Every structure is written in C-alpha cells, then in structure tokens.
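Working notes for the structure below.
Computed from a predicted structure; not experimentally measured.
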Amino acid sequence: MTPKDPLLVDCDTGIDDALALLYLLGDPDVDLRAVTAVFGNTDAGTAAENTLRVLELAGRPDIPVAVGARSNWRGTVHLAPHVHGHDGLGGTGLPAPARSPGTEPAAELIVRLARENPGKLHVLAIGPLTNLATALLLEPELPELVGHVTIMGGAVHHPGNVTPAAEANVHNDPEAARMVLRAGWDVTLVPLDVTMNEVLTEQHWHRLRTGGTAIARFAAEILKHYLDVYQRDVFGVRCAACHDPLAAAIAAGDVSPVLAPKVTVDVDTGDGPARGSTIADTRGRHRGFPDQDGARVRVVLQTDGTFADRLVERLGGAADRSLDVA
Ligand code: BDR
Ligand code: CA
C-alpha cells in the first residue's frame, strides 16, 4: 500500500492483534479508517471491546469499530483463551472501554468502505477470514473495489499451530479462507513460515517495561503473558512469535520480504487431518521461485528476522543498552 491508502483491519483482538494495531497507530502516515472484529482468539464481542480499549490507549477513539462473525460458516467456534487469556489480552484487566462498537455489521462496513474508496482500500486481515468472505458474498465486485488484501494466516512449509497441518486463522474457517484466497484480488499472505522467525524476547519485554509510556507498559503487560505461553507450549525458551505485527508491517510497507513469490494457494476444506492446511504451489523453489502465470497471491516465505526490534521501538520501548560499548 502507499502510505496514505485507506486501511481497514479485520482482527480477533488478541495479544498480537493489539500489538499490530498499536504498531500501525504509531505511524502518522497510516490512514486507519476502521477496525472490524471477528471471533478467534476470543469471542467477537470481546475482540471488538479489546479493539476499543487499544484505540483509546492510542488516543484514537474516532476510529469506527464493528462486530462481525461470531462463528465460522459451519457454525462452530474455536477460541484460544489458553493462548490469549480469558479476556483475550492476557488477563490484564483493563477497564471497560468508554464507547461501544457501531451497529453496522463488519461485513457491511468492509463493503461500504471499499465502495467509498474504489481501487484504494487495503484490507489487513489478521483473524479468521469469515468477515471478509461474508463481504465477498454481499458484494461480488469486491475484488475489483479493494486495492489489496494482506492476510496473516496459513503455514506453507512450516507445521501448523493448531493441528499439525493448520494455522489458527485458516483452521478457524477453512471454507472462508479458501474463498478469500481464490477471489481473484491481489493478496499478500504472511504465513507461520515467517511469523515464527520474527520473535520477541525477554529483552524486548524489558525494554517495553522500562519504556515509560502507557503504550509501552501495556505492551509489556500483554507480552509477558504471551512469552509465558510460548515458552511453555512452543519454544521452551522466552520467545514469542510476531504474527500479526509482522503482517501489519508488511502491509504498511515497513518490512520488505526477502522471498515472496506469487503462486496459487488453496485450502484443504475436507474433514481429514489436513483440514485447514494451506497448499501453496512452491514447486518453483529449485528455479529461483518465478512468479506463476495468473497467480494473484504473493506468499511471504522469508523476511530478514529483524522486525521485533523495530516493533519495540515503535511501541515506545527503551533504547537497547546491550549495544552500548563500555
Ligand atoms: C494467528 O492466530 C491468532 O492466534 C493470532 O492472533 C494470529 O492472528 C497466528 O496463528
Ligand atoms: Ca489475530
């Protein structure tokens, strides 16, 4: 996206969603027009409330927030309190937000903003893709109206994080993900292959804790919970993946992927063990990954691994003293 293209974030706020929103709100050139909430890390209503809390913290109570899908297209709901805490924000117990979400449903808001900004709107989807797929059903011209879609989701060569094959956002609604990835618009897909390699550490947490701003302190509080979970369940050491913030930074043009071929991507919607897996055609890997004819999905397969420092700096983390020479 060009810096001033209008942006809509669709999310299931969630710890890393909150960090992603704060990252975007820290850039005066990002024109965030609306946030739509979906079930996922927490229920859709709580995700919307958490979004309102984050917007208030960042001094942006003017940005509209809409509630969207409360379950996937099969009517099932998978939530992740074991990862994001009972309130979606690591049990931080923030006060209730001052405002309520708007009454316009999320999918309708997506369609309206796309119509009002033809060819310009950038949609950053960092939760299950149910809202976006519903918007596609409401407005079949949506792929022509939207400028670009960036998605955090999927696992190409990396194992899944909910099942051996499936990443959470795709796992939560494989039918919706398949529809969005096949819709014929320009998509950048940011899968676990890269988000698991951009990690926040104990040192980043310390920098946030001592950063001195309300945003840095809040980021440190929620990151503490995330580090505990990732240490316990994933890495065995104090590191946490930067899923949604990395997708936000790629959408904003702050991180340039090292490797991101345009290839066809499909989703397994069967009921076997591969349900929710993202199947990207990466057979070009031995020929330097040429873009495939007609493919509209750019799959980010490599970034340089340095994003977490920039995230912490943007969120008001203290300077990294470890680089000082005696
Ligand atoms: C994705 O799932 C959610 O838990 C995170 O917020 C992120 O969007 C990672 O698989
Ligand atoms: Ca998310």
Side-chain angles (χ1 to χ4, degrees), residues 1 7-27 30 32-44 46-48 50-51 54-55 58 63 65-69 72 78-80 83-84 88-89 106-107 109-110 121-135 146 148-155 161-162 166-173 176-177 180-181 187-196 198 200 219 222 226 240-255 278 297 299-300 303 307 311 314-315:
M1 95 179 163
L7 175 70
L8 180 146
V9 177
D10 185 65
C11 54
D12 56 339
T13 318
I15 291 174
D16 59 328
D17 304 75
L19 296 176
L21 288 168
L22 290 171
Y23 177 83
L24 291 168
L25 291 163
D27 180 352
V30 169
L32 181 56
R33 293 285 179 91
V35 184
T36 48
V38 63
F39 79 96
N41 293 326
T42 184
D43 66 89
T46 305
N50 287 344
T51 303
V54 168
L55 292 175
I63 296 174
V65 174
V67 185
N72 68 17
H78 310 275
L79 305 179
V83 180
H84 294 266
L89 289 177
L109 176 54
I110 294 170
L121 185 68
H122 192 135
V123 177
L124 170 64
I126 51 179
L129 292 158
T130 320
N131 288 344
L132 208 42
T134 307
V146 165
H148 199 89
V149 180
T150 299
I151 297 168
M152 188 284 128
N161 59 357
V162 178
E167 178 279 332
N169 289 338
V170 178
H171 173 264
N172 276 332
D173 198 343
V180 168
L181 288 167
V187 173
T188 300
L189 186 68
V190 184
L192 294 182
D193 303 65
V194 283
T195 64
M196 292 293 283
E198 300 276 358
L200 288 154
I222 59 177
Y226 215 40
C242 272
H243 305 297
D244 295 345
L246 181 67
I250 289 173
D254 300 340
V255 167
T278 35
V297 182
V299 180
V300 182
T303 53
F307 172 61
L311 171 62
R314 172 77 65 82
L315 298 182

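Inspection of the H84 and T42 side chains reveals no N or O donor paired with an N or O acceptor under 3.5 Å. T130 and N72 are not linked by any side-chain donor-acceptor pair at a separation below 3.5 angstrom, with hydrogens and angles left out of the test.
Residues D16 and C242 have side chains not in contact (no heavy-atom distance under 4.5 Å, counting atoms from C-beta outward).
Listed here is the closest heavy atom pair of I126 and A20: CD1-CB, 4.1 Å. What you find for R314 and D27 is that their closest heavy atoms are NH1-CB, 3.5 Å. When all heavy atoms are compared, the tightest approach of V194 to T303 is CG1-N, 3.6 Å. Residues L19 and L311 come closest through the heavy atom pair O-CD1, 4.3 Å. Nearest heavy atoms, V67 versus A48: CG2-CB, 3.8 Å. Of all heavy-atom pairs spanning A133 and A176, the tightest one is CB-CB, 3.6 Å.
From L89, atom CG reaches atom OG1 of T46 across 9.5 Å, with rounding to the nearest 0.5 Å. Atom-to-atom distance recorded for E167:CD and T278:OG1 is 7.5 Å, nearest 0.5 angstrom. Between the OG1 atom of T134 and the CD1 atom of I110 there is a distance of 8.0 Å, given to the nearest 0.5 Å. For the atom pair SG of C11 and CG of D244, the computed distance is 8.0 Å after rounding to the nearest 0.5 Å. The line from CG of D17 to CG of L22 is 11.0 Å long, rounded to the nearest 0.5 Å. Going from atom CG of L32 over to atom CG of L8 covers 7.5 Å, rounded to the nearest 0.5 Å.
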- Message: The test is side chain to side chain contact (heavy atoms under 4.5 Å, CB included); show your working for V38 and D173 and say whether it passes.
- Response: CA-CA 11 Å; V38 63; D173 198 343; over 6 Å; no

- Message: Between N50 and V54, is the side chain to side chain contact (heavy atoms under 4.5 Å, CB included) condition met? List the steps.
- Response: CA-CA 6 Å; N50 287 344; V54 168; 5.5 Å; no

- Item | Check against side chain to side chain contact (heavy atoms under 4.5 Å, CB included), V300 and T188 | CA-CA 7 Å; V300 182; T188 300; 3.7 Å; yes

- Test side chain to side chain contact (heavy atoms under 4.5 Å, CB included) on H243 and E198 and set out the steps. CA-CA 8 Å; H243 305 297; E198 300 276 358; over 6 Å; no

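Judged by distance alone, the side chain of N131 and the main-chain N or O of A37 form a donor-acceptor pair under 3.5 Å. A donor-acceptor contact shorter than 3.5 Å is absent between the side chain of N41 and the backbone of I15.
Remark: F307 engages Y23 in a ring pair (Phe, Tyr, Trp, His ring centres under 6.0 Å) (not counting sequence neighbours).
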